[in-house]
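Here the structure comes first, spelled out in structure tokens, and everything after it is commentary.
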Amino acid sequence: MLTGDLLAWYDRHAREMPWRTGPAARASGEQPDPYRVWLSEVMLQQTTVAAVRDYFLRFTLRWPDVAALASARDEDVMAEWAGLGYYARARNLLKCAREVAARGGFPGSRDGLLTLPGIGPYTASAVAAIAYDEPATVVDGNVERVMSRLFEVETPLPAAKPELVRLAETLTPALRPGDYAQAVMDLGATICTPRSPACGICPWIDPCRARASGTAASLPRKAPKAGKPTREGTVWLLRTPRGWLIERRAAKGLLGGMNGLPGDGWDRPGAPETAPADAPWAFAGEVRHTFTHFHLILRVMTAEAEANPTRGELIPTAEFSPDSLPTVFRKAFDLGLSALSSR
DNA sequence: TACTCGTGGTC
DNA sequence: TGACCAAGAGT
């Protein structure tokens with residue numbers, strides 16, 4: 001009884017999380033709120049529980065339901081998301097909230113959820129299973145790893161994905177599918193970890209084929225990835241009596257829709273490195289940052305002057321929060337600010 | 001199919 | 001220190 005063993009383990013070891021409705025609460029009739037489940041699952045895409053927690057609390061405090069989020073201003077949501085990464089998620093979050101609000105509520109099935117922006121196979125299954133008790137199969141990185149070991153799948157990812165999905169489908173129970181989904185993910189996060197899995201305390205130690213043959217730690221196999229190139233560029237930090245020079249980035253692409261510092265040479269190949277204003281620029285230093293697919297070395301130039309910028313917008317100091325910047329710009333801002341302050 | 005798209009933690 | 005890794009989706 002594979003799923004039964006795992007659910008029994010989950011009942012004893014489930015971790016507390018702000019978006020979870022615990023077994024005790026559910027026993028007393030409380031149902032998971034689809035809005036909170038959806039919001040948490042989007043935030044958790046490729047992101048650790050520890051990183052998500054505070055963002056989730058801030059979002060739900062400020063926008064308690066999907067109608068509130070749908071009414072929010074774009075820039076407020078983007079600023080609140082700043083630092084969490086993968087900013088297309090925030091753009092799609094708003095699109096999705098507005099579509100759901102217009103419909104009068106979330107679709108009541110996995111198939112319906114799949115039609116919404118930012119909701120793919122994983123998130124649709126997770127929301128359907130957790131919020132609706134639909135026996136949808138949830139396959140994330142944890143489930144891929146657990147299945148590849150349980151059934152000793154030697155095919156490298158990502159080619160193995162369809163096979164792992166089929167295997168996961170054979171286990172999805174009709175009873176407590178939401179708890180089961182979270183149980184497999186908890187198992188992957190705490191016991192069946194990528195390196196040195198704790199097989200000795202695993203509820204699936206007996207049926208696990210990779211454990212039996214000693215290959216657990218080497219699975220799942222993965223196709224080799226391409227190396228990361230290094231790009232270089234420049235950003236300019238200007239302080240004027242009218243405020244900081246900030247540039248809203250294009251709606252799509254890298255850091256799309258976010259506040260940034262005017263820059264050149266790194267995110268728009270071939271663009272000339274032209275300062276955004278005529279000012280007494282001084283070199284403040286370099287910032288290093290690594291994105292998903294490239295390393296970046298950014299030269300930070302600073303100036304304090306009354307100037308008329310050719311790009312961006314002057315934001316009064318009192319209205320600007322560095323917290324609204326993606327991390328790479330936050331690093332550059334902090335460096336530039338300390339350079340300006342010590343002048 | 002293969003790329004693009006962030007960030008912080010870990011070993 | 002650097003590569004790997006995390007509850008993926010969009011194109």
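Throughout, a chain's letter reflects where its sequence line sits, starting with A, and its residues are numbered from 1.
Taking atom CG on A:L113 and atom C1' on C:dG8, their separation rounds to 15 Å, with Å as the unit. To the nearest angstrom, C1' of B:dT7 lies 14 Å from CG of A:L296. Between the NZ atom of A:K331 and the P atom of B:dG6 there is a distance of 14 Å, rounded to whole Å. Distance A:K252 NZ to B:dG6 P: 14 Å, rounded to the nearest Å. Protein atom CG of A:N92 is 14 Å distant from nucleotide atom C1' of B:dT4, rounded to whole Å.
Comparing A:P117 and A:D186 by the nucleotide of DNA chain C that holds the closest heavy atom to each, the one mapping nearer the 5' end is A:D186. When the nearest nucleotides of DNA chain B are assigned to A:R195 and A:R89 by heavy-atom distance, the more 5′-ward of the two goes with A:R89.
For A:R145, a side-chain nitrogen or oxygen approaches OP1 or OP2 of C:dA6 to under 4.0 Å. Taking only side-chain nitrogens and oxygens, A:T123 comes nearer than 4.0 Å to OP1 or OP2 of C:dA9. When the side-chain nitrogen and oxygen atoms of A:Y87 are compared with OP1 and OP2 of B:dT7, one or more of them lie within a distance under 4.0 Å. Not one side-chain nitrogen or oxygen of A:H293 sits closer than 4.0 Å to the OP1 or OP2 atom of B:dC3. For B:dT7, the OP1/OP2 oxygens have no side-chain nitrogen or oxygen of A:T48 closer than 4.0 Å. Distances shown here put a side-chain N or O of A:Q46 below 4.0 Å from the OP1 or OP2 atom of C:dG8.
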Inset, instruction - Take A:F320 and A:F333, measure what ring pair (Phe, Tyr, Trp, His ring centres under 6.0 Å) needs, and give me the verdict at the end. - result: CA-CA 12 Å; A:F320 176 70; A:F333 181 88; 5.5 Å; yes
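Separating the P atom of B:dC3 from that of C:dC4 is a span of 16 Å, rounded to the nearest Å.
Taking the ring centre of A:F56 as origin, the terminal cationic atom of A:R53 falls outside the region bounded by 6.0 Å and 45° from the ring axis.
Partner of A:V42 under the side-chain contact (heavy atoms from CB on, under 4.5 Å) criterion, out of A:V37, A:V52, A:L93: A:L93 alone.
With hydrogens and angles disregarded, a donor-acceptor distance shorter than 3.5 Å links the side chain of A:T47 to the backbone of A:Q45.
Judged by distance alone, with hydrogens and angles left aside, A:T47 brings no side-chain donor or acceptor close enough to the base of B:dG8 to form a pair under 3.5 Å.
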